[in-house]
S.K.: 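What follows is a single structure, and I will ask about it in a moment.
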Amino acid sequence: MSQVNVHQAKTHLSRLIDEIVNGTEKEIVIAKSGKPRAKLVPFDEKPVKRLRGLMKGKIKISKNFEKPLPEEVIQSFYK
């Protein structure tokens, strides 16, 4: 982990990104007045595996889900 100040980060952003992508650095801390303010890390491109049926039985849709709303409710959105 290395630390750079904001001015260095702005000046050498492309080089810093290359270091992260190539694995030269695992993370780079960007500091302002010597205090850490942000962290530059590689983007995790692994897709999130979705689990089917995870919420089965936990969500219920009412029988009148597609029934139109009463006119006074619709008009309340336009006030």
S.K.: Can you see which heavy atom on Ala9 is nearest to which on Leu16, and at what distance?
M.R.: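 Closest approach of Ala9 to Leu16: CA-CD1, 3.7 Å.
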S.K.: Mind jotting down which residue pairs meet the side chain to side chain donor-acceptor pair (under 3.5 Å) criterion with at least one end in residues 25-40? Sequence neighbours excluded, please.
M.R.: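 The answer is none; no pair qualifies.
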S.K.: Between CZ of Arg15 and CD1 of Ile20, what distance do you get to the nearest 0.5 Å?
M.R.: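 So the gap between those two atoms works out to 11.0 Å.
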S.K.: How many angstroms lie between OG in Ser2 and CG in Leu40, if you round to the nearest 0.5 Å?
M.R.: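 It comes to 9.0 Å.
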S.K.: Linking Ile, Leu, Val, Met, Phe, Trp and Tyr by side-chain heavy atoms under 4.5 Å, what else ends up with Ile74?
M.R.: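 Other cluster members: Leu69, Val73, Phe77, Tyr78.
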S.K.: Can you confirm whether more than 12 heavy atoms, excluding those of Glu66, are under 6.0 Å from its CD atom?
M.R.: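 Count not over threshold, so no.
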S.K.: Can you find a heavy atom in the side chain of His12 that is under 4.5 Å from one in the side chain of Val4?
M.R.: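 A side-chain contact under 4.5 Å is absent here.
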S.K.: Do Val41 and Leu13 land in one hydrophobic cluster if side-chain heavy atoms of ILVMFWY residues count as linked below 4.5 Å?
M.R.: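 Cluster IDs for Val41 and Leu13 differ.
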S.K.: Nearest 0.5 angstrom please: Lys56 NZ to Leu51 CG, how far?
M.R.: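 Rounded to the nearest 0.5 Å, the NZ-CG separation comes to 14.5 Å.
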S.K.: Give the minimum heavy-atom separation between Leu54 and Lys58, together with the two atoms involved.
M.R.: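 The answer is O-NZ, 4.2 Å.
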S.K.: If only side-chain N and O atoms count, and only distance matters, is there a donor-acceptor pair under 3.5 Å linking Asn22 with Thr24?
M.R.: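 Not at all, the side chains of Thr24 and Asn22 share no donor-acceptor pair under 3.5 Å.
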S.K.: Just how far is it from atom CD of Gln3 to atom CD1 of Ile28, taken to the nearest 0.5 Å?
M.R.: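 Between Gln3 CD and Ile28 CD1, I get 11.0 Å after rounding to 0.5 Å.
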S.K.: Side-chain contact test, heavy atoms from C-beta onward, threshold under 4.5 Å: evaluate it for Ile30 versus Asn5 and give yes or no.
M.R.: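 When only atoms from C-beta onward are counted, Asn5 and Ile30 do not touch, as no gap falls below 4.5 Å.
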